[in-house]
J.: 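Take this structure first; my questions come after.
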Amino acid sequence: MTQLRLGNQIVQITDGELTGYKVGGHEFVHQKGSPGWGSADTEMFPIIGPVNEAGFQVQVPKGSAIQDQHGHLRQFPYDLLAVSETAAIFKKEYRAGTPIKNSKYPGKSTQEWLVWPYSFGFEKRFQLHEDALEITFTISGERDMPFMLGYHPAFKLHAKDPTIVTKEKTITLDEVLAVGSRALLVADHDELTLEDKKGVTIKTEGFGHFMCWTEVRNMVCIEPITFYPYAVEQLHLHEGFQYLKGNQVLKVWIKPKG
């Protein structure tokens, strides 16, 4: 486990996964083993969303790729590149055409191996600042490689009736629960605030949208995304791709209030 510290902030990272962020003793991150979700954070790359109805095939300029829900990046481990008292850098490298074992097989998927026809590097950098935790994603690889990116952090809920506040409206936890597995879209936003026992603002750069998901009342996932996958049928998921033009940098700031 990697631990970062600055002032009253303590960050815990396990194999590249944000497993704790305490500020003044208050834990903001959903704890693994608690009801709701078996992870604390992960990435959705190079696709977002399910593809089971499309036969686990995603259309790309090089033909088709074999993927499962939310992409194959999460199916292989990070390497730790560097660490200091306030920062840590992790990276994954993928060579085009390499089969990756699908952890969902056979219990939740019929697809045993996942393959992507492009080589890429994916770097995840954690940096503590005086007032926030900054997470930077840097995508490198073949020019014009198609991709989507979603960041999937889970926040621990302490209050009975927490809300998610946007610049136009307030979203209740019941509204998120009602949408179910599809996740509630908050389009064209780069900042949301989770109002809980202690509030936290999630600010982004390069994503453009959020989706919010939970199936329990003790946690909620507030997920920056480049594309909302349920806007199209699974066979048309490729309509949500961006295309790599040199290194692509996207950022998330998790900023506790007050």
J.: Does Lys245 NZ have over 12 foreign heavy atoms under 6.0 Å away?
T.: yes
J.: In the single-linkage hydrophobic clustering (I, L, V, M, F, W, Y; side-chain heavy atoms under 4.5 Å), do Tyr243 and Leu73 co-cluster?
T.: yes
J.: Decide yes or no on side chain to side chain contact (heavy atoms under 4.5 Å, CB included) for Val200 and Lys257, but give the supporting numbers first.
T.: CA-CA 5 Å; Val200 61; Lys257 292 179 66 179; 5.9 Å; no
J.: Salt-bridged, Glu85 to Arg5, with N to O below 4.0 Å?
T.: no
J.: Does NZ or CZ of Lys62 fall inside the cone over Tyr118's six-membered ring, less than 6.0 Å from its centre and within 45° of the axis?
T.: yes
J.: Kindly compute the distance separating CG (Asp196) from CG (Leu173), expressed to the nearest 0.5 Å.
T.: 9.5 Å
J.: Could you label the plane-to-plane angle of the Phe137 and Phe207 rings as parallel, tilted or perpendicular, counting under 30° as parallel and over 60° as perpendicular?
T.: perpendicular
J.: After noting the C-alpha distance and the side-chain angles of Gln59 and Ser64, does the key distance pass the side chain to side chain donor-acceptor pair (under 3.5 Å) rule?
T.: CA-CA 5 Å; Gln59 182 178 324; Ser64 64; over 6 Å; no
J.: Do Asp131 and Lys255 meet the salt-bridge criterion of a basic N to acidic O distance under 4.0 Å?
T.: yes
J.: I need the single residue from His70, Gln242, Met148, Gln67 that forms a side chain to side chain contact (heavy atoms under 4.5 Å, CB included) with Pro46. Which is it?
T.: Gln67
J.: For Glu134, which of His129, Lys203, Gln127 qualifies under side chain to side chain donor-acceptor pair (under 3.5 Å)?
T.: His129
J.: Once rounded to the nearest 0.5 Å, what's the spacing between atom CD of Glu195 and atom OG1 of Thr170?
T.: 8.0 Å
J.: How about Pro117 and Val60: do any of their side-chain heavy atoms sit closer than 4.5 Å?
T.: yes
J.: Is there a donor-acceptor contact under 3.5 Å from the side chain of Gln75 to the main chain of Ser103?
T.: yes
J.: State, to 0.1 Å, how close Ala87 and Arg125 come at their nearest heavy-atom pair, and which atoms those are.
T.: CB-NH2, 4.2 Å
J.: Taking all heavy atoms of Pro256 and all of Ile254, pick out the closest pair and write down the distance.
T.: CD-O, 3.5 Å
J.: Check whether any side-chain heavy atom of Val11 lies under 4.5 Å from a side-chain heavy atom of Leu133, and answer yes or no.
T.: yes
J.: Given Val23 and Ile10, is the side chain to side chain contact (heavy atoms under 4.5 Å, CB included) satisfied, shown in steps?
T.: CA-CA 7 Å; Val23 181; Ile10 301 173; over 6 Å; no
J.: Show the numbers, then the answer: is there a side chain to side chain contact (heavy atoms under 4.5 Å, CB included) between Ile89 and Glu123?
T.: CA-CA 7 Å; Ile89 303 173; Glu123 183 181 285; 3.6 Å; yes
J.: Crowded around Glu233 CD? As in, over 12 foreign heavy atoms under 6.0 Å?
T.: no
J.: So Tyr78 and Phe90, would you call those rings parallel, tilted or perpendicular, with 30° and 60° as cut-offs?
T.: perpendicular
J.: Would you call Leu237 and Ile48 a side-chain contact if the rule is heavy atoms closer than 4.5 Å?
T.: no
J.: Output the distance between atom CD1 (Ile13) and atom CE (Met1), rounded to the nearest 0.5 Å.
T.: 9.5 Å
J.: Just to verify, which of Thr201, Thr163, Thr166 counts as forming a side chain to side chain donor-acceptor pair (under 3.5 Å) with Thr193?
T.: Thr201
J.: Count the heavy atoms belonging to other residues, nucleotides or ligands that lie under 6.0 Å from NZ of Lys101, then report whether that count exceeds 12.
T.: yes
J.: Keeping Gln57 on the side-chain end and Ala54 on the backbone end, is there a donor-acceptor pair under 3.5 Å?
T.: no
J.: Between Val165 and Val252, is there shared hydrophobic-cluster membership here, with clusters defined by ILVMFWY side-chain heavy atoms closer than 4.5 Å?
T.: no
J.: So for atom CG, which belongs to Asp15, do other residues, nucleotides or ligands contribute more than 12 heavy atoms lying within a distance under 6.0 Å?
T.: no
J.: Among Phe122, Phe147, Tyr105, Phe120, exactly one meets ring pair (Phe, Tyr, Trp, His ring centres under 6.0 Å) together with His72. Which residue is that?
T.: Phe120
J.: Report whether Phe227 and Leu185 are members of the same hydrophobic cluster (ILVMFWY, side-chain heavy atoms less than 4.5 Å apart, transitive linking).
T.: yes
J.: Which word best sums up how the rings of Phe28 and His26 line up, parallel for under 30°, tilted for 30 to 60°, or perpendicular for over 60°?
T.: perpendicular
J.: I need the minimum non-hydrogen distance between Val29 and Leu18, along with the two atoms involved.
T.: CG1-O, 3.6 Å
J.: Are the side chains of Glu43 and His152 in touch, meaning some heavy atoms are under 4.5 Å apart?
T.: no
J.: What I want to find out is whether Glu17 reaches Lys32 closely enough, with some N-O distance under 4.0 Å, to be called a salt bridge.
T.: yes
J.: Ion pair present between Arg95 and Glu93, side-chain N to carboxylate O less than 4.0 angstrom?
T.: no
J.: As an exercise, state the distance from OG1 of Thr14 to CG of Asp41, rounded to the nearest 0.5 Å.
T.: 10.0 Å
J.: Verify the distance criterion only: is there a donor paired with an acceptor across the side chains of Gln9 and Tyr21 at less than 3.5 Å?
T.: yes
J.: Looking only at heavy atoms, what is the nearest atom pair of Val186 and Cys212, with distance?
T.: CG2-SG, 4.2 Å
J.: Do Asn52 and Gln234 touch side chain to side chain, with heavy atoms closer than 4.5 Å?
T.: yes
J.: Would you call Arg217 and Asp174 a salt bridge, taking side-chain N to carboxylate O under 4.0 Å as the test?
T.: yes
J.: To the nearest 0.5 Å, how far apart are CD in Gln69 and CG in Asn102?
T.: 10.5 Å
J.: Side-chain contact, heavy-atom cut-off 4.5 Å: Glu27 with Lys22?
T.: yes
J.: Would you name the heavy atoms of Phe45 and Met145 that are closest together and state the gap between them?
T.: CZ-CE, 3.8 Å
J.: Does Ile222 reach the side chain of Pro153, with side-chain heavy atoms less than 4.5 Å apart?
T.: no
J.: Do Ser109 and Asp68 have a side chain donor and acceptor closer than 3.5 Å?
T.: yes
J.: Donor-acceptor pair, Tyr94 side chain versus Trp116 backbone, under 3.5 Å?
T.: yes
J.: Would Thr226 and Leu250 count as a side chain to side chain contact (heavy atoms under 4.5 Å, CB included) if you check the C-alpha gap in whole Å, the side-chain angles of each, and the deciding distance to 0.1 Å?
T.: CA-CA 10 Å; Thr226 59; Leu250 303 93; 3.9 Å; yes
J.: What about Val216 and Met211, same hydrophobic cluster or not, with Ile/Leu/Val/Met/Phe/Trp/Tyr joined at side-chain heavy-atom distances under 4.5 Å?
T.: no
J.: Consider only side-chain heavy atoms of I, L, V, M, F, W and Y, link residues closer than 4.5 Å, and tell whether Val115 and Val51 are in one cluster.
T.: yes
J.: For His209 and Asp188, indicate whether the former's side chain and the latter's backbone hold a donor-acceptor pair under 3.5 Å.
T.: yes
J.: Which heavy-atom pair separates Pro35 from Asn218 by the least distance, and what is that distance?
T.: O-ND2, 2.9 Å
J.: Working to the nearest 0.5 angstrom, can you tell me the gap between Leu244 CG and Ile139 CD1?
T.: 7.0 Å
J.: Return the orientation label for the Trp213 and Trp37 ring planes: parallel under 30°, perpendicular over 60°, tilted otherwise.
T.: perpendicular
J.: Quick one: does any side-chain atom of Lys124 pair with a main-chain N or O of Ile135 as donor and acceptor, under 3.5 Å?
T.: no
J.: For a 4.5 angstrom cut-off between non-hydrogen side-chain atoms, does Ile225 reach Met44?
T.: yes
J.: Judged by modelled atom types alone, do Gln12 and Thr19 share a side-chain donor-acceptor pair under 3.5 Å?
T.: no
